[in-house]
Amino acid sequence: MKFFIDTANLDNIKEAQDLGVLDGVTTNPSLMAKEGITGEANVLAHYKAICDIVDDNVSAEVIATDYDGIIKEGEALAALNPKIVVKVPMIKDGIKAIKYFSGKGIRTNCTLIFSPGQALLAAKAGASYVSPFLGRLDDISTDGLQLIEDIRLIFDNYGYPTEILAASIRGPLHIVACAKLGADVITAPLAAITALLKHPLTDSGLATFLADHAKASGK
Ligand code: G3P
């Protein structure tokens, strides 16, 4: 399973990259705004900075919602760096644009997926990734993990190469559940990824090992 970090914060991206387990980054307009990155030139420069840190898979989201606008923005983003994956919303013109990008060899991430039918359509159009937002479904008392399971079944039925990028992850248990369900990728905040490290029995077990070693060594 690939691990992406869901942030535009360069320090968090560097920390995850330094851990040695990072396969990519997802951003969105809200995450860019959270870092205070505004204006086209600054946004493009920020994507370049992210590409300088990680090995591949930097999702950069278009703002346009019309076909021509999505194509123009997407091509400009893709031209920034070969690591860029153009993130396109799940709307009618988005699907048409994904089909276009697919024909041009430009990788895409279809975002804001909330139903199996939306994922099917995006895969059919040739999306490289679909991003089901499981946390936001959980937030409205709908089973987000069930969506991951349904998409997995559909993609496996037809051998779609589109990768399931489980997004809107809220904690470590979401990550583990996605791994059990066969999601190809998770994207999560740094805290959810590093929370996977933690177990109280690891801490107490290590403390005992070190204490026993010190005693045996006469320290
Ligand atoms: O980047 C897309 C998605 O992961 C957003 O998550 O936490 O805003 O629902 P969240």
Side-chain angles (χ1 to χ4, degrees), residues 1-13 15-17 21-38 43 46-47 49-51 53-54 56-65 70 73-74 77 83-91 94-95 98 107-116 118-119 122-123 127-149 151-152 162-179 181 183-196:
M1 188 171 73
K2 290 181 199 164
F3 272 54
F4 292 178
I5 188 167
D6 197 26
T7 185
N9 182 284
L10 297 181
D11 289 336
N12 283 3
I13 294 168
E15 191 175 332
Q17 177 69 15
V21 299
L22 194 66
D23 300 295
V25 179
T26 52
T27 60
N28 61 42
S30 303
L31 293 172
M32 292 296 267
K34 194 173 162 194
E35 298 306 316
I37 314 295
T38 55
V43 168
H46 201 73
Y47 283 136
I50 293 173
C51 288
I53 299 170
V54 300
D56 195 13
N57 291 305
V58 176
S59 278
E61 187 159 341
V62 299
I63 304 299
T65 53
I70 294 172
E73 274 184 40
L77 289 169
K83 296 174 188 174
I84 294 281
V85 176
V86 179
K87 202 170 179 187
V88 180
M90 164 39 76
I91 53 176
I95 287 297
I98 286 168
R107 293 180 295 168
T108 53
N109 171 2
C110 188
T111 189
L112 291 162
I113 298 274
F114 292 97
S115 78
Q118 290 179 321
S128 314
Y129 298 98
V130 288
S131 288
F133 279 27
L134 67 99
R136 292 193 193 184
L137 283 169
D138 287 357
D139 289 347
I140 59 158
S141 305
T142 303
D143 189 353
L145 289 170
Q146 184 62 51
L147 176 58
I148 307 292
E149 193 173 342
I151 299 172
R152 181 74 282 155
T162 302
E163 295 186 55
I164 302 172
L165 196 177
S168 188
I169 297 256
R170 297 289 159 75
L173 292 184
H174 264 162
I175 298 177
V176 173
C178 286
L181 292 171
D184 300 287
V185 193
I186 58 90
T187 189
L190 181 63
I193 295 171
T194 54
L196 291 171

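Side chains are part of it too, since the values below use all heavy atoms of this structure and drop only hydrogens, waters and symmetry mates. Whatever order the structure lists ligands and atoms in, that order sets their numbers, starting from 1.
Of the possible donor and acceptor atoms, one in the side chain of K83 sits under 3.5 Å from a partner among the backbone N and O of C51.
In this structure, CD1 in I98 is found 5.0 Å from OG1 in T108, a value given to the nearest 0.5 Å.
Qualifying side chain to side chain contact (heavy atoms under 4.5 Å, CB included) partners for A166, counting only residues two or more places apart in sequence or in other chains: L134, I148, I169, C178, A183, I186. Remark: K2 pairs with E163 by the salt bridge (Lys or Arg N to Asp or Glu O under 4.0 Å) rule, at least two apart or across chains.
Residue pairs meeting the salt bridge (Lys or Arg N to Asp or Glu O under 4.0 Å) criterion with at least one member in residues 22-35: none, sequence neighbours excluded.
Protein residues with any heavy atom under 4.0 Å from ligand 1: D6, N28, K87, F133, R136, A167, S168, R170.
The side-chain heavy atoms of L147 and F133, taken from C-beta on, include no pair separated by under 4.5 Å.
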